[in-house]
*Asks:* 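Take this structure first; my questions come after.
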Number of protein chains: 2
Amino acid sequence: MKTVYERADIVPLLAEIFRELGYEGTSLSRITERTGLGKGSLYHFFPGGKEEMANAVLAEIDAWFEQAIYRPLRQDDARQAIAAMWVNVNDYFRSGRRICLVGAFALDDTRERFSAAIGDYFIRWIGAVRSALSRAGYSDDEAQALAEEGVAGIQGALVLARALGDERIFIRSLETLAKRFEAATR
Amino acid sequence: MKTVYERADIVPLLAEIFRELGYEGTSLSRITERTGLGKGSLYHFFPGGKEEMANAVLAEIDAWFEQAIYRPLRQDDARQAIAAMWVNVNDYFRSGRRICLVGAFALDDTRERFSAAIGDYFIRWIGAVRSALSRAGYSDDEAQALAEEGVAGIQGALVLARALGDERIFIRSLETLAKRFEAATR
DNA sequence: ATATCATTGTACCAATCGGTACAATCATTG
DNA sequence: CAATGATTGTACCGATTGGTACAATGATAT
C-alpha cells in the first residue's frame, strides 16, 4: 500500500492547474497550494520540475484521447465513432468550461518547449477523423478538409465559450459541426 | 517635434511581444530588451505598468477591427464586406503565423483581468458578421449560427496553424469557411 | 537665457520565481 | 527488531519578477 498520493494521482491535479493558469502562469507555489504537496514531494515525483510535470500531463492527455477518441475513429463504425466524438468532446471539455491545454500551449511561447507533443496531438486527431470520414465513403481530400474543419471548429468553440463565459455557444457550435459531418456522410 | 517614440509608437511593439509570450510570459525585462525602452520610459507612458500596456494593446486591436472589419460588415455591401473580411483576416494574422491576442488571453487566467475587452471583441465581431448575413437575406437564427461558426473557425484555424507550424492549414481553413458563407448567401 | 515640463537611465525595493539540499519521517521487508 | 528505501517538510539558493524613486537630461516656450 502506497501513501496517499502516487505520481498518477497528481497528474490530473496538475492538468487542471496548467489549464487554468497556463504554463508560465503556473508557479510552484500555486501547485503546492492546490495539490497540498510540498516541494519535496513534487520534486520527488517529478525530478525534472515544472517541465516534467507538464510533459506528464501532456502524455496523460494523449493517452486519454487515444483510447476515447482516436482509436474508435480509426477502428469502429465510422458514423458511430463520429457521433461518440461529439459527446465525448462535450463531456471532456465540460461544455466549454474546461479548455484544451494543448491548444492553449500552442498559442504562446510555450509551444517551443512542447512542440512535438502539441503537433502530434492535432496531427493524430485530424488523422483519426479523416480515417473515419474516408471509411464513410469520402475522398481523401474531402475527408482531410472536413476533419480539419471539425478539429478547428472545436478549438474555436472553446475560445469563444471561454471568452464569452457562455457554455451554450460551445454546445451550439458542436451541433453545427455535427450537422456538417452528417451532411457529408449521407 | 516629439522624441523618437510616443505612446502610439510603442503599442504595436507591445502587441507583438504579448502575442508571442502571452501576458504572464511577458516580463518587463523582455519588453525593455525588445523595445529598447528602459523602465523609466515605459512607466512614464504607462503608469499602470504591464496591465495598462496590455489594455492599450487591446484598445488598439479593437480600433483596428472596428474600422477594418466590423464597420464594413455593418454598413457596406454584405457580400463584398464578407469577402474583404477573409482577405483582411488572412493578412492581419499573417496566414496563421501571428496569433489572436484576444483569443490567447481568453484561454487562461488572464481572462479574469481583461474579461470585458475580451468579451466585447468577440461579441462585436460575431454581431457584425451576423448583421452582414442578415442583410444578405438570412434569418436571425441562421445568421447568428453562421457568424459564430465563422469566427470560431478562424480562432481554431489559428490554433491549428500555430500547433502544426503550417500556414497552409490556415489558408485552407479560411477557404473552407468562405465556401460555407457563399453557400449560405446565394 | 532661463524656466518648464516631458523624457530617460539607474539604483533600488520586497516578493516571488524555479530549483537544490538534506534531515526527518514513514511504511515495508527481512 | 533492525534495516532499507520511499516520501516529505523546511531551510535555503541565486535570479528574476513588477514596481518605485529620483536625479539627470532633453526639448520647448517665453
Side-chain angles (χ1 to χ4, degrees), chain A residues 1-59 101 104-105 108-114 117, chain B residues 1-59 101 104-105 108-114 117:
Chain A
M1 182 68 171
K2 294 276 178 59
T3 34
V4 187
Y5 288 112
E6 38 187 308
R7 215 183 114 115
D9 298 322
I10 308 170
V11 176
L13 300 176
L14 293 174
E16 235 45 49
I17 303 173
F18 280 122
R19 250 185 259 275
E20 288 177 29
L21 306 176
Y23 185 76
E24 294 292 343
T26 297
S27 65
L28 289 183
S29 68
R30 301 294 291 268
I31 296 176
T32 290
E33 163 190 327
R34 301 242 326 225
T35 61
L37 276 76
K39 290 190 176 186
S41 305
L42 291 171
Y43 276 86
H44 172 70
F45 289 118
F46 306 94
K50 219 172 100 168
E51 185 157 353
E52 185 176 343
M53 298 180 206
N55 271 313
V57 168
L58 290 172
L101 185 65
F105 276 11
D108 64 28
D109 208 32
T110 310
R111 184 185 78 126
E112 266 24 86
R113 237 182 247 269
F114 307 104
Chain B
M1 180 70 170
K2 295 275 178 62
T3 34
V4 186
Y5 288 110
E6 39 186 306
R7 215 183 114 113
D9 299 319
I10 307 171
V11 176
L13 300 177
L14 294 174
E16 233 47 47
I17 303 172
F18 280 122
R19 250 186 258 274
E20 289 177 30
L21 306 177
Y23 185 76
E24 294 292 343
T26 297
S27 65
L28 288 182
S29 67
R30 302 293 292 266
I31 297 176
T32 290
E33 163 191 326
R34 302 240 327 223
T35 61
L37 276 78
K39 291 190 176 186
S41 305
L42 290 172
Y43 276 85
H44 171 70
F45 290 119
F46 306 93
K50 220 171 99 166
E51 184 157 353
E52 186 175 343
M53 298 180 206
N55 270 314
V57 168
L58 289 172
L101 185 66
F105 277 11
D108 64 29
D109 208 34
T110 310
R111 185 185 78 126
E112 262 31 81
R113 237 182 247 269
F114 307 105

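No hydrogens, no waters, no symmetry mates; every other heavy atom, side chains included, goes into these values. Quantities reported herein were computed from a predicted structural model and do not represent experimental measurements. By convention in this document, chain letters (A, B, ...) are assigned in the order of the sequence lines, proteins followed by strands, and residues within each chain are numbered from 1.
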*Asks:* In whole Å, what is the span from the CG atom of A:L37 to the C1' atom of D:dT7?
*Replies:* 10 Å

*Asks:* Once side chain to side chain contact (heavy atoms under 4.5 Å, CB included) is applied, do any residues pair with B:A15, and if so which ones, sequence neighbours excluded?
*Replies:* B:R19, B:V57

*Asks:* Which residue pairs satisfy the side-chain hydrogen bond (donor to acceptor under 3.5 Å, both in side chains) criterion with at least one member in residues 34-58 of chain B, sequence neighbours excluded?
*Replies:* B:R7-B:E52, B:E20-B:R34, B:E51-B:R113

*Asks:* With a 4.0 Å heavy-atom cut-off, tell me which residues in residues 47-58 of chain A come close to DNA chain C, sorted by residue number.
*Replies:* A:G49, A:K50

*Asks:* Quick one: ring-ring contact (aromatic ring centres under 6.0 Å, His included) partners of A:F46, sequence neighbours excluded?
*Replies:* none

*Asks:* On DNA chain C, compare the nucleotides closest to A:S29 and A:G40; which residue's is nearer the 5' end?
*Replies:* A:S29

*Asks:* Would you jot down, in residue-number order, the residues of residues 20-27 of chain B having a non-hydrogen atom under 4.0 Å from DNA chain D?
*Replies:* B:T26, B:S27

*Asks:* Quickly work out the A:L42 CG to D:dG9 P distance and round it to whole Å.
*Replies:* 9 Å

*Asks:* Applying side-chain hydrogen bond (donor to acceptor under 3.5 Å, both in side chains), name anything that partners A:T32, two or more places apart in sequence or on another chain.
*Replies:* none

*Asks:* Not counting sequence neighbours, which residues clear side chain to side chain contact (heavy atoms under 4.5 Å, CB included) with A:S27? List them please.
*Replies:* A:S29, A:R30

*Asks:* Would you say B:H44 reaches C:dT8's phosphate, i.e. side-chain N/O to OP1/OP2 under 4.0 Å?
*Replies:* no

*Asks:* Between protein and nucleic acid, restricted to nucleotides 13-15 of chain C and to nitrogen or oxygen atoms under 3.5 Å apart, what atom pairs and distances do you find?
*Replies:*
none

